[in-house]
Asker: 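The structure is given below, and queries will be raised subsequently.
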Amino acid sequence: MMMSIVRIKAETLTAVEAACENVFGQKPETLKLGYPPKVEFGDFAVECFPLAKQFRQNPAKIAQAIAAEIQPSESIQGATAVGPYLNFKIYNRVLFGAVSAEIIREGADFGNSDSGRCQRVMVEYMSPNTNKPLHLGHIRNGVLGMAVSNLLEATGHTVVKANLVNDRGVHICKSMLAWLKWANGATPESTGTKGDHFVGDWYVRYAKEAEKDPSLEVESQQMLRKWEDGDPETLTLWKTMNEWVYDGFSETYQKLGLEFDVFYYESDTYKLGKDIIQTGLEKGVFFQEEDGAIVANLPVDEFGTDKDGSPKKVTVLRGDGTSVYITQDLGTAQMKLEEHQLDRSIYVVASEQNYHFQCLFKLLDMLDFDWASGCYHLSYGMVNLPEGKMKSREGRVVDADDLIEEMRQLAEDEIRGRDPDGQLSTAEIQKRALTIGLAAIKFYLLRARHELTINFDPKESISFDGFTGPYCQYAYARCASILRNAQNQDLASVEPDFSLLGNEEELQLIRALIQFPEELAEAAQEFTPARICNRLFTTAQALNQFYHKHSVLSAEDPALVKARLALVHASAIVIKKALALMGIETLEVM
RNA sequence: ACGCCCGUAGCUCAGCCGGAUAGAGCAACUGACUUCUAAUCAGUAGGUCGCGGGUUCAAAUCCUGCCGGGCGUGCCA
């Protein structure tokens, strides 16, 4: 059997168990394998506090007793007691040899697991309105949804990525109305405007005109009624304008690398849920008020009471029988589950809607849907500007396409600055610039934990230095460069000698690599891509430090060159993998 | 008023299912490109972990009370 990270860890724990049996006559109840704070202390650590409780002895004494009992084994070189800690040193030959071999063997699959046990999970994310272009908040949503989907897939889930498009409602009618009144038949094509921006411009125009002329509100309401009555002309216009928007959106999705397996349209789903309302009435979960509205009482122990002491209510159907937001969500939730046989259903939606989802999930639970517990609201914080919250109606937004272009341009300037002789083709520069610009944006939005509010300052927020996407891409490009140059050396007959590795930088690097699988598992379980960003950065940092202090290709001994090459190869795989999980591409040359 | 989230270095954040000396990045200052790519690296400086109590051998981490900020609180989505 091949040596692996899992096996080295298991061997270490087994050694502790055996030593405990020898010294204390029984196995330890709990053992946690950790890492010493400094690499020179050892490769793995076991803390003896839990053992102190079990064996009723000073933890430092226990550590010493166990350390004395540990015999060298296939991978364990020795154990040292430091205070209440037990530090293990793994033979460098095994640590570097087996681990890098494992990573190289598994390649892009390294770190994957089946801890998801083939569960089917839907990740609903993005969910835009079709009356205006995408903004920075959407990008945060998109990269989060995509990263979480990747994490789930890597841990053995089957993921269905869904986009619930809000394509109906009075706000959509507003841009339609403005276009009818003032556009004179202009189209995205005739004006050379991206479709979603084109429609968004008419929405803005509407808002301006409506300030002067309140009767427009009435007209847009009339239009919504015509839409609901199926007026052919209105429907045709609606379809045409939505198509313009979708063309624009899909361009942006593609640029950002956002993928969807299924699109739901609110125009199809907005009447769903009425059957569920009926069931709820029969079950007594819902009841009708005097004005005809159908409501539910929320349990007081979880939701508290209203000012007058009565239970909090949620309206699930208006008095006139029309749907509200939650009506549709009840129906859509059931439809999703049934169509896709889901075990879990994840909603990537901003924290503004925490209360809405609390209510929604509670209602599903009250209706005795046993799948309700599989629903989860992945709530993420707002992106604020220095002036405060983004407000599309006031034009206070960071437009998604503008931001991408801005970052791409900054990257391009940087690339041209590094290429004073103009060696690079325009196509190559464009490709690199977009890849690097997107990496900067995505990493910036994913590195902070998702529940945090981000304060986005356009002037200084996204950089290419330090804790950034481009930094990590750069570390990868360095690896790629070394591996490329290695092909010019005649090393085919040389066998690597991994026992030659073991300096501080090498140990730091191998530790970062070893920790990747556990980080991936945890990030997936907690839906926190930010964890991967941190691990990724630590790894890139370790690589850069190693790179500066030690030469790979001009190392004194060819067997050392080979060993370091394997380490660099393994690092490249892990860095690339972590970036890919975050939806970030790598470049072989930067 | 209630509910959820947040408060760690000048700024942005890790660390939070308790454990070794609280870590990064940015900004500031100093130094390193004839060397596998300097989008890099090394160093200096910067901390009452919001405040008070409690639990514990051990608290940034758990409990509790305050203070400050954000979001939300039935017929918008």
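Throughout, a chain's letter reflects where its sequence line sits, starting with A, and its residues are numbered from 1. The basis for the numbers below is simple: all heavy atoms, side chains too, and nothing from hydrogens, waters or symmetry mates.
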Asker: Watson-Crick or G-U wobble partner for B/rU44, using a 3.5 Å limit on both distances?
Answerer: B/rA28

Asker: Touch check for A/Tyr471, heavy atoms < 4.0 angstrom, all strands: base, sugar-phosphate only, or nothing?
Answerer: sugar-phosphate

Asker: Taking atom C1' of B/rG23 as reference, at what distance in whole Å does atom CD of A/Gln541 sit?
Answerer: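 About 10 Å, once rounded to whole Å.
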
Asker: Heavy atoms under 4.0 Å, any strand shown: does A/Ala477 hit a base, just sugar-phosphate, or nothing?
Answerer: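 Contact class for A/Ala477: base.
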
Asker: Rounding to a whole Å, what distance do you find between A/Tyr380:OH and B/rC4:P?
Answerer: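 So the OH-P distance, A/Tyr380 to B/rC4, works out to 22 Å.
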
Asker: Which heavy atom of A/Ala81 sits nearest a heavy atom of A/Ala67, and at what distance?
Answerer: N-CB, 3.9 Å

Asker: Closer than 4.0 angstrom, basic N to acidic O: yes or no for A/Glu506 and A/Arg564?
Answerer: yes

Asker: Whole angstrom is fine here: how far is it from OH in A/Tyr325 over to P in B/rG72?
Answerer: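 From A/Tyr325 OH to B/rG72 P: 13 Å.
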
Asker: Using a heavy-atom cut-off of under 4.0 Å over every strand shown, decide if A/Glu451 touches base, sugar-phosphate, or nothing.
Answerer: sugar-phosphate

Asker: Between the base of B/rA20 and the side chain of A/Asn87, is there a donor and acceptor pair under 3.5 angstrom?
Answerer: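 Under the 3.5 Å cut-off, the side chain and the base do form a donor-acceptor pair.
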
Asker: What nucleic acid atoms does A/His377 come within less than 4.0 Å of, heavy atoms only: base, sugar-phosphate, or nothing?
Answerer: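 The answer is nothing, as A/His377 stays clear of every strand by at least 4.0 Å.
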
Asker: May I ask you to say whether A/Asp43 pairs ionically with A/Lys89, meaning some side-chain N is under 4.0 Å from a carboxylate O?
Answerer: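 Answer for the salt bridge query: yes.
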
Asker: Pick base, sugar-phosphate or nothing for A/Leu317, based on heavy-atom distances below 4.0 Å to the nucleic acid.
Answerer: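 A/Leu317: no heavy atom of the nucleic acid under 4.0 Å.
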
Asker: So what does A/Glu414 hit on the nucleic acid, given a heavy-atom distance under 4.0 Å: a base, only sugar-phosphate, or nothing?
Answerer: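 Base, at least one base atom sits under 4.0 Å.
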
Asker: Of all the nucleotides listed (B/rA39, B/rC17, B/rG72), which has the minimum atom distance to the side chain of A/Tyr474?
Answerer: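 Looking only at heavy atoms from C-beta outward on A/Tyr474, the closest nucleotide is B/rA39.
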
Asker: Students often get this wrong, so: under 4.0 angstrom with heavy atoms, is A/Phe303 touching a base, only sugar-phosphate, or nothing?
Answerer: nothing

Asker: Can you tell me how far C1' of B/rA39 sits from CG of A/Leu543, to the nearest Å?
Answerer: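 To the nearest whole Å, that distance equals 14 Å.
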
Asker: Side chains of A/Asp320 and A/Thr322 only: does a donor on one sit below 3.5 Å from an acceptor on the other?
Answerer: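 The answer is yes; a qualifying pair exists.
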
Asker: For nucleotides B/rC75 and B/rG50, find the distance between their P atoms and express it as a whole number of Å.
Answerer: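 Looking at atom P only, B/rC75 and B/rG50 are 37 Å apart.
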
Asker: Return yes if a side-chain donor-acceptor contact under 3.5 Å exists between A/Tyr380 and A/Asn141, otherwise no.
Answerer: yes

Asker: Looking for any heavy atom pair under 4.0 Å, which part of the strands does A/Arg484 touch: base, sugar-phosphate only, or nothing?
Answerer: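 The answer is nothing, as A/Arg484 stays clear of every strand by at least 4.0 Å.
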
Asker: NA contact type, A/Glu266, heavy-atom cut-off 4.0 Å: base, sugar-phosphate, or nothing?
Answerer: sugar-phosphate

Asker: Going by modelled atom types, is there a donor-acceptor pair between the base of B/rC17 and the side chain of A/Glu522 at under 3.5 Å?
Answerer: yes

Asker: By nearest nucleotide on RNA chain B, pick out whichever of A/Phe49 and A/Arg168 is the more 5' one.
Answerer: A/Phe49

Asker: Across all strands, who's sitting opposite B/rA38 as a Watson-Crick or G-U wobble pair, both distances under 3.5 Å?
Answerer: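 Because no pair has both required distances under 3.5 Å, B/rA38 counts as unpaired.
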
Asker: Who does B/rU21 pair with, Watson-Crick or G-U, both distances under 3.5 Å?
Answerer: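 B/rU21 is unpaired by these criteria.
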
Asker: Which part of the nucleic acid does A/Val589 contact within heavy-atom distance under 4.0 Å: base, sugar-phosphate only, or nothing?
Answerer: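 Since a base atom lies under 4.0 Å of A/Val589, the category is base.
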
Asker: Taking atom C1' in both B/rC67 and B/rG31, compute the distance separating them and give it to the nearest angstrom.
Answerer: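 After rounding to an integer number of Å, I get 45 Å for this pair.
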
Asker: If you look at every strand shown and take non-hydrogen atoms under 4.0 Å, does A/Asp291 touch a base, only sugar-phosphate, or nothing?
Answerer: base

Asker: For the residue pair A/Trp238 and A/Tyr265, is the inter-centroid distance of their aromatic rings smaller than 6.0 Å?
Answerer: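 Ring centres of A/Tyr265 and A/Trp238 not closer than 6.0 Å.
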
Asker: In whole angstrom, what separates A/Arg449's CZ from B/rU12's P?
Answerer: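 Taking atom P of B/rU12 as the reference, CZ of A/Arg449 is at 18 Å.
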
Asker: Say you pick atom P in B/rA60 and the same atom in B/rC49; how far apart are they, in whole Å?
Answerer: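 It comes out at 8 Å once rounded to the nearest Å.
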
Asker: Would you indicate what A/Thr453 reaches in the nucleic acid, counting non-hydrogen atoms under 4.0 angstrom: base, sugar-phosphate, or nothing?
Answerer: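 The answer is sugar-phosphate, as A/Thr453 gets under 4.0 Å only of primed atoms, P, OP1 or OP2.
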
Asker: Figure out the CD/P separation between A/Glu47 and B/rC57, and round it to whole Å.
Answerer: 16 Å

Asker: C1' atom, B/rA58 versus B/rG25: distance in rounded Å?
Answerer: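 After rounding to an integer number of Å, I get 31 Å for this pair.
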
Asker: Any donor-acceptor pair, under 3.5 Å, between the side chain of A/Arg418 and the base of B/rA39, if you only look at N and O atoms?
Answerer: yes

Asker: Please report the distance, rounded to the nearest Å, between NZ in A/Lys32 and C1' in B/rC17.
Answerer: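 In whole Å, B/rC17 C1' and A/Lys32 NZ are 9 Å from each other.
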
Asker: Using a distance-only test with no angle check, is there a side-chain donor-acceptor pair under 3.5 angstrom linking A/Gln409 and A/Asp413?
Answerer: yes

Asker: On RNA chain B, does the nearest nucleotide to A/Asp465 precede the nearest nucleotide to A/Ala530 from the 5' side, or the other way round? Give the residue.
Answerer: A/Ala530

Asker: If we call it a pair only when both distances are under 3.5 Å in a Watson-Crick or G-U wobble match, what pairs with B/rG3?
Answerer: B/rC71

Asker: Quick one: A/Asn384 CG to B/rC6 P, roughly how many Å, whole number?
Answerer: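 Whole-Å distance recorded here is 16 Å.
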
Asker: Heavy atoms only, 4.0 Å cut-off, all strands: where does A/Pro36 land among base, sugar-phosphate and nothing?
Answerer: base

Asker: When both hydrogen-bonding distances must be under 3.5 Å and the geometry is Watson-Crick or G-U wobble, what is B/rC66 paired with, if anything?
Answerer: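 B/rC66 is paired with B/rG50.
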
Asker: Answer with base, sugar-phosphate or nothing: what part of the nucleic acid does A/Ala52 contact at a heavy-atom distance below 4.0 Å?
Answerer: nothing

Asker: Using only heavy-atom distances, determine whether the side chains of A/Asn242 and A/Thr130 contain a donor-acceptor pair under 3.5 Å.
Answerer: yes

